[in-house]
S.K.: 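Have a look at the structure that comes next, please.
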Amino acid sequence: VVDSEADPARSLVDQIVAAHPQTPSTVQILRNPQSACSLKCSSLIQVISGLDRRYGVVALLDTDVVPHPRWLRDMVAPLKDPQVGAATGNRWFAPSPPSWPNLCRYAWNAAAVVWMYRLGIAWGGSMALKRCVIDEGHALSDWSRAYGEDTAINPSLRRLGLRLEFVPSGIITERSSCDSSQLLNWVTRQLLSCRLHHAGWKLVLFHGMASSAALGSAALIFFAALALRYGELAVLTGAVLAAFFLIPFALLLILESSVRGASGDRNRASGRMRHPVSAFKLMLAVVLTQILYTYVLVRAATMRSVAWRGARYEIVGRGRIRLVEYSPWTRSALSLIPRAPGASLRRSS
């Protein structure tokens, strides 16, 4: 589904479809963007509503990810279990080049992958659903009032007594770059989606603020102990701060190795991160990420509107948004948006 006839993605999509005539494909124009959900949800509702009922599974893949050859098979396989209603992978960022925004995004996302697994939060960029979740679970009805289709899928699963299954090989590596503004806006949108649609939001908010308070308190006590020459206290709090540097870094390397092995990605950033200079920079990025996380948590918890891909939404209540500004995506609109090196600006679904 492309945003309009003038969407700059349209010509590229047509070229790809023409180059692969053996692959059944349908290109649609977004006809009636709904006012109470995001444009992505409107696109999904439009295309899924028109699917033949013979199709038993709907798989979703974001346009800016590159799947491995077995991706579809791996995502559908867990749905053979009668207790599983949906399967999900996740995103994994390669911090290349190792700029501060890229490193912070890498560190934050690695922690988010763990939280999403523990809280049962799906990622719509790599996800497969049984058709019954859409029909009997009323997923499309939920999406018609949703900001993100992934965090809004849990009510549909609960209605049918089904669970979400995590697929390690469904983790997709993304190698785009970002600047500081894009980093803050992206993290804010991820947290906003959780705030609007997932029951685990309060736990995420509490954990984030508590960990930031603990780090800040330890740093304050450490510098106060140094100033007052309380040697034992300075050593103790210094050890705590050092552990905060080293333990997340070690966990990142373990996660990196596990993710690369599960997804079959041989471009191992973990090897590059073991270089002393890169390792030290990543450890500093972990602390910087925690500081930024505090700011973004407060921002996501208090914001009343959000801009996403040329559209603006007003937050009107728990799990409710309203589209307040929107014009069809065109090449002229594309030229007005700053582009980070290596970043893609596609709004097709």
S.K.: Table please: side-chain donor-acceptor pairs of residues 20-29 below 3.5 Å, with sequence neighbours left out.
M.R.:
residue: Ser25; atom: OG; partner: Thr23; partner atom: O; Å: 3.1
residue: Gln28; atom: OE1; partner: Gln46; partner atom: NE2; Å: 2.9

S.K.: Within the 4.5 Å heavy-atom criterion, are Leu288 and Leu284 side-chain neighbours or not?
M.R.: no
S.K.: Applying a strict under-4.5 Å side-chain criterion to I, L, V, M, F, W and Y, I'd like to know whether Tyr55 and Leu160 cluster together.
M.R.: yes
S.K.: Name all pairs fulfilling the ring-ring contact (aromatic ring centres under 6.0 Å, His included) condition that reach into residues 124-145, sequence neighbours left out, sorted by first residue then second.
M.R.: none
S.K.: Return the minimal non-hydrogen interatomic distance between Ile321 and Ala146, and the atom names on each side.
M.R.: CD1-O, 3.9 Å
S.K.: Considering all heavy atoms of both residues, which atom of Pro78 and which atom of Val84 are nearest to each other, and what is their separation?
M.R.: O-CB, 3.6 Å
S.K.: Closer than 3.5 angstrom, by distance alone: can the side chain of Arg304 be matched with the main-chain N or O of Thr302 as a donor-acceptor pair?
M.R.: yes
S.K.: Are side-chain heavy atoms of Gln190 and Arg91 found at a separation under 4.5 Å?
M.R.: yes
S.K.: Hey, does Ile172 have a side-chain heavy atom less than 4.5 Å from the side chain of Trp123?
M.R.: yes
S.K.: Please name the pair of heavy atoms, one in Gly137 and one in Asp142, separated by the smallest distance, quoted to 0.1 Å.
M.R.: O-OD2, 4.2 Å
S.K.: Taking 4.0 angstrom as the limit, do Arg159 and Glu136 come out as a salt bridge?
M.R.: no
S.K.: How would you list all residue pairs meeting ring-ring contact (aromatic ring centres under 6.0 Å, His included) that involve residues 146-185, not counting sequence neighbours?
M.R.: Tyr117-Phe166, Tyr147-Trp308
S.K.: Please say which of Leu192, Leu191, Asn185, Val187 ends up in a side-chain contact (heavy atoms from CB on, under 4.5 Å) with Arg299.
M.R.: Asn185
S.K.: Can you hop from Val114 to Leu246 via hydrophobic side chains spaced under 4.5 Å?
M.R.: yes
S.K.: Is there a side-chain contact between Arg73 and Ser169, using heavy atoms and a 4.5 Å cut-off?
M.R.: no
S.K.: Identify each donor-acceptor pair in which a side-chain atom of residues 310-317 lies under 3.5 Å from a protein atom, sequence neighbours left out, and give them as a table.
M.R.:
residue: Arg312; atom: NH1; partner: Ser305; partner atom: OG; Å: 3.4
residue: Tyr313; atom: OH; partner: Leu39; partner atom: N; Å: 3.0
residue: Glu314; atom: OE1; partner: Arg322; partner atom: NH2; Å: 2.4

S.K.: Quick check: does any side chain N or O of Arg145 sit under 3.5 Å from a backbone N or O of Ser141, one acting as donor and the other as acceptor?
M.R.: yes
S.K.: Indicate the atoms forming the closest heavy-atom contact of Cys178 with Leu183, along with that distance.
M.R.: SG-CB, 4.2 Å
S.K.: Show every ring-ring contact (aromatic ring centres under 6.0 Å, His included) that has at least one partner inside residues 192-224, sequence neighbours left out.
M.R.: Trp115-His207
S.K.: Donor-acceptor pair, Gln290 side chain versus Val286 backbone, under 3.5 Å?
M.R.: no
S.K.: Test Asp150 against Ile121 for side-chain contact (heavy atoms from CB on, under 4.5 Å), laying out the working first.
M.R.: CA-CA 7 Å; Asp150 38 21; Ile121 300 176; 6.0 Å; no
S.K.: Examine distances only and state if a side-chain atom of Thr289 and a backbone atom of Ala285 form a donor-acceptor pair shorter than 3.5 Å.
M.R.: yes
S.K.: With distance as the sole test, does Asn109 use its side chain to make a donor-acceptor pair with the main-chain N or O of Ala112 at under 3.5 Å?
M.R.: no
S.K.: Does a side-chain heavy-atom distance below 4.5 Å link Asp7 with Val13?
M.R.: no
S.K.: I'd like to know whether Leu164 forms a side-chain contact (heavy atoms from CB on, under 4.5 Å) with Leu157, so could you lay out the CA-CA distance, the side-chain angles of the two residues, the decisive distance to 0.1 Å, and finally the verdict.
M.R.: CA-CA 8 Å; Leu164 176 72; Leu157 295 173; 4.0 Å; yes
S.K.: Please step through side-chain contact (heavy atoms from CB on, under 4.5 Å) for the pair Leu119 and Cys194, ending with a clear verdict.
M.R.: CA-CA 11 Å; Leu119 296 178; Cys194 181; 5.7 Å; no
S.K.: Ignoring hydrogens, what is the shortest heavy-atom contact between Ala218 and Leu241? Give both atom names and the distance.
M.R.: CB-CD2, 3.9 Å
S.K.: If hydrophobic clusters are built by linking Ile, Leu, Val, Met, Phe, Trp and Tyr wherever their side-chain heavy atoms come under 4.5 Å apart, do Val324 and Val306 end up in the same one?
M.R.: no
S.K.: Taking 4.0 angstrom as the limit, do Lys40 and Asp62 come out as a salt bridge?
M.R.: yes
S.K.: Transitively linked via ILVMFWY side-chain contacts under 4.5 Å: Leu140 with Leu51?
M.R.: yes
S.K.: How far does OG1 of Thr173 sit from NE2 of His68, to the nearest 0.5 angstrom?
M.R.: 10.0 Å
S.K.: Could you measure the distance from the OG atom of Ser38 to the CZ atom of Arg189? Nearest 0.5 Å is fine.
M.R.: 11.5 Å
S.K.: With a 3.5 Å cut-off and no angle check, do the side chains of Arg175 and Asn102 form a donor-acceptor pair?
M.R.: no
S.K.: Drop me the distance from Glu149's CD to Cys37's SG, to the nearest 0.5 angstrom.
M.R.: 10.5 Å
S.K.: Given side chains that start at C-beta, do those of Met75 and Leu61 come closer than 4.5 Å, heavy atoms only?
M.R.: no
S.K.: Can you measure from CH2 (Trp71) to CD1 (Ile171) and round to the nearest 0.5 angstrom?
M.R.: 14.0 Å
S.K.: How long is the straight-line distance from OG of Ser156 back to NZ of Lys130, given to the nearest 0.5 Å?
M.R.: 14.0 Å
S.K.: If only atom types and distance count, is the side chain of Ser42 paired as donor or acceptor with the main-chain N or O of Pro33 below 3.5 Å?
M.R.: no
S.K.: Apart from Ile221 itself, what residues make up its hydrophobic cluster when side-chain heavy atoms of I, L, V, M, F, W and Y under 4.5 Å apart count as a link, directly or indirectly?
M.R.: Leu228, Tyr230, Leu233
S.K.: Between Gly148 and Ser193, which heavy-atom pair has the shortest distance, and what is it?
M.R.: CA-OG, 4.1 Å
S.K.: What about Ile247 and Val287, same hydrophobic cluster or not, with Ile/Leu/Val/Met/Phe/Trp/Tyr joined at side-chain heavy-atom distances under 4.5 Å?
M.R.: no
S.K.: Are side-chain heavy atoms of Glu165 and Thr88 found at a separation under 4.5 Å?
M.R.: no
S.K.: Taking Val167's backbone N and O only, do any of them form a donor-acceptor pair with Asp74's side chain (distance below 3.5 Å, no angle check)?
M.R.: no
